[in-house]
Amino acid sequence: MEKTWRWFGPNDKITLDMLRQIGVEGIVTALHHIPNGEIWSEEEIGKMKALIESHGLRWSVVESLPVSESIKYGGPDREELIEKYKVSLANLGKAGVTTICYNFMPVLDWARTDLDYPNPDGTSNLYFNRAEFAYFDIHILKRPGAESDYDSATLRRMREEIAPRMDADAENRLVENIIVKTQGFVNGNISENDLNPVEKFRSLLDLYKGIDADALRANMAYFLRAIMPVCREYGINMCVHPDDPPMPILGLPRIVTCDADIEAFLNAVPDPHNGLTFCAGSLSAGAHNDVVALARKYAGRTHFVHARICNVMPNGDFKESTHLDPRLIEVVRIFETQRPGVPMRVDHAPLMLGDSEMGYNAGYSFHGRMLALGMVGGIMATINSEQK
């Protein structure tokens, strides 16, 4: 697999020179300065490509060319936005950038309640506390009917463990972690400049009233069918990112959560350019998923790999696991042997060795990811030596 790294552009504290020195081969990035729904021009794409190549690297994957909310819920400007998306795709194709990671998650991209959960060794990781998330949903967001989405054990934990320690500062931290810090740096719907992120978030949720999983699946298929002619013309591979976490949240449908979901969207648009970003971390955050079996089944339709893995606790909480987790080793083995050359990036690595003081984007530390890349690189080297 090609060793790639998610880089957030010229303002990223981690430089392209640093990445070349640690063995990165390809860059995963986007034109973050262009608002969602606007066209990526040939000129802007060319500037980014030239910058990356000037450091001896290549622009391997676009993550992401965002799919506007109106495309997802089928708003009145859907056709116009799809046409703009097709122009951006064509411009990327002309530049030879042909792997596009995107997601079809309504409103919220990935969700965590703690961005700095302490580990016994002094590092820290991202963490999802289901009872804290329920508190956010029920008591901060105040979503009507939210309590019915949680089991009795989670509600009991929320009342007995979470609610007693929630003051204004703790509530603000939850808001920051769930809908601001994990979203704004990736062209998300909420930014750190929003004065009332909770109210804005409620208004975004309202856009999906009446949109269930079947409607969202139909809208995804509509979008994919519309762009496939451009993908075929320029050899572009679209690879959807699984939902993170892989379950319905906040009353919103999620449609890339499991084997049946993946099979459904691939079969709905049976074109080889319609494929998957295999994120072992997102999929493993659901106890219902066997990530090794899924990797084996969908290797042929995978165009991009996110190498990370999660441990799910009996209470539904989950946290990032080591990149030497046996499941991840087996996933790497599958893609290294069945999809040689496919872009792979490590993801959601721990904060360590001063990472927490550097202001890196949540989940995207330098030292933690460097360690993870070394681990996965060692796994790859071992697998390749076994083949000789």
- Message: Checking Tyr298 now: which residues fulfil ring pair (Phe, Tyr, Trp, His ring centres under 6.0 Å) with it, not counting sequence neighbours?
- Response: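 In terms of ring pair (Phe, Tyr, Trp, His ring centres under 6.0 Å), with neighbours along the sequence ignored, Tyr298 is linked to no residue.
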With sequence neighbours excluded, residues passing salt bridge (charged side-chain N to carboxylate O under 4.0 Å, His left out) with [X]:
X: Arg333; value: Glu330, Glu386
X: Arg58; value: Glu2
X: Asp77; value: none
X: Asp169; value: none

- Query: Same hydrophobic cluster for Phe128 and Met313, using side-chain heavy-atom links shorter than 4.5 Å among ILVMFWY?
  - Reply: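 Unlinked, Phe128 and Met313 end up in two clusters.
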Say whether, by atom type as modelled, one donor and one acceptor occur between the side chain of [X] and the main chain of [Y] under 3.5 angstrom.
X: Asn119; Y: Gly122; value: no
X: Asp317; Y: Tyr127; value: no
X: Asp355; Y: Gly368; value: yes
X: Arg327; Y: Val291; value: no
X: Arg254; Y: Asp243; value: no
X: Tyr85; Y: Leu65; value: yes
X: Asn267; Y: Ala264; value: no
X: Thr113; Y: Asn129; value: yes
X: Ser203; Y: Lys200; value: yes
X: Asn125; Y: Tyr117; value: no

May I have the list of side-chain donor-acceptor pairs in residues 15-27 shorter than 3.5 Å, sequence neighbours left out?
{"residue": "Thr15", "atom": "OG1", "partner": "Met18", "partner atom": "N", "Å": "3.1"}
{"residue": "Asp17", "atom": "OD1", "partner": "His55", "partner atom": "ND1", "Å": "2.9"}
{"residue": "Glu25", "atom": "OE1", "partner": "Lys3", "partner atom": "N", "Å": "2.8"}

- Hey, could you give me each pair passing side-chain hydrogen bond (donor to acceptor under 3.5 Å, both in side chains) that has a residue in residues 88-100? Not counting sequence neighbours.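 Checked against side-chain hydrogen bond (donor to acceptor under 3.5 Å, both in side chains) - neighbours excluded - no pair reaches residues 88-100.
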- Non-hydrogen side-chain atoms of Val332 and Met1 separated by less than 4.5 Å: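 They are in side-chain contact.
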- Item | Note, Thr29 side chain near Glu63 side chain (heavy atom, < 4.5 Å) |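 SC-SC contact between Thr29 and Glu63 ruled out.
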Does the pair [X]/[Y] count as a salt bridge with the N-to-O cut at 4.0 Å?
X: Glu44; Y: Lys47; result: yes
X: Asp114; Y: Arg112; result: no
X: Lys297; Y: Glu263; result: yes
X: Lys84; Y: Glu79; result: no
X: Glu69; Y: Arg78; result: no

- Residues forming a side-chain hydrogen bond (donor to acceptor under 3.5 Å, both in side chains) with Asp214, sequence neighbours excluded: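 Listed in chain order: Arg217.
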- How would you list, by chain and number, every residue that makes a side-chain hydrogen bond (donor to acceptor under 3.5 Å, both in side chains) with Asn11, sequence neighbours excluded?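 For Asn11, no residue satisfies side-chain hydrogen bond (donor to acceptor under 3.5 Å, both in side chains) once neighbours in sequence are set aside.
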- Query: Listed by chain and number, what are the side-chain contact (heavy atoms from CB on, under 4.5 Å) partners of Asp137, not counting sequence neighbours?
  - Reply: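 Counting only residues at least two positions away or on another chain, Asp137 forms a side-chain contact (heavy atoms from CB on, under 4.5 Å) with Leu141, Arg143, Ala146, Tyr150, Leu250.
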- Task: With sequence neighbours excluded, tell me which residues meet side-chain contact (heavy atoms from CB on, under 4.5 Å) with Ala381.
- Result: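 Scan of Ala381 (side-chain contact (heavy atoms from CB on, under 4.5 Å), adjacent residues dropped) gives none.
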Could you measure the distance from the [atom1] atom of [X] to the [atom2] atom of [Y]? Nearest 0.5 Å is fine.
X: Thr382; Y: Gln387; atom1: OG1; atom2: CD; result: 11.0 Å
X: Ser356; Y: Leu115; atom1: OG; atom2: CG; result: 12.0 Å
X: Leu283; Y: Asp244; atom1: CG; atom2: CG; result: 9.0 Å
X: Leu373; Y: Met344; atom1: CG; atom2: CE; result: 6.0 Å
X: Ile34; Y: Ser41; atom1: CD1; atom2: OG; result: 6.0 Å
X: Arg339; Y: Phe304; atom1: CZ; atom2: CZ; result: 12.5 Å

- Message: Test side-chain hydrogen bond (donor to acceptor under 3.5 Å, both in side chains) on Asp116 and Ser124; report intermediate values, then the result.
- Response: CA-CA 5 Å; Asp116 197 12; Ser124 64; 2.3 Å; yes
- Message: For a side-chain hydrogen bond (donor to acceptor under 3.5 Å, both in side chains) check, start with the C-alpha distance between His139 and Glu171, then their side-chain angles and the critical distance, and finish with the verdict.
- Response: CA-CA 9 Å; His139 294 289; Glu171 289 193 350; over 6 Å; no
- Message: Can you tell me how the ring of Trp110 sits relative to the ring of Tyr364, calling it parallel under 30°, perpendicular over 60° and tilted otherwise?
- Response: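 Judged by the thresholds at 30° and 60°, the geometry between Trp110 and Tyr364 is perpendicular.
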- Which word best sums up how the rings of Phe136 and Phe133 line up, parallel for under 30°, tilted for 30 to 60°, or perpendicular for over 60°?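 Because their plane-to-plane angle lies in the 30° to 60° range, the rings of Phe136 and Phe133 count as tilted.
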- Item | Of all pairs that satisfy ring pair (Phe, Tyr, Trp, His ring centres under 6.0 Å), the ones with a partner from residues 227-279, not counting sequence neighbours |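 For residues 227-279, and leaving out neighbouring residues, the ring pair (Phe, Tyr, Trp, His ring centres under 6.0 Å) pairs sorted by first residue read His241-His306, Phe278-Phe335.
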- Task: Answer yes or no for Arg130 and Phe318: cation-pi contact, defined as NZ/CZ to six-membered ring centre under 6.0 Å and angle to ring axis within 45°.
- Result: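 Negative - Arg130 is either too far from the ring of Phe318 or too far off its axis.
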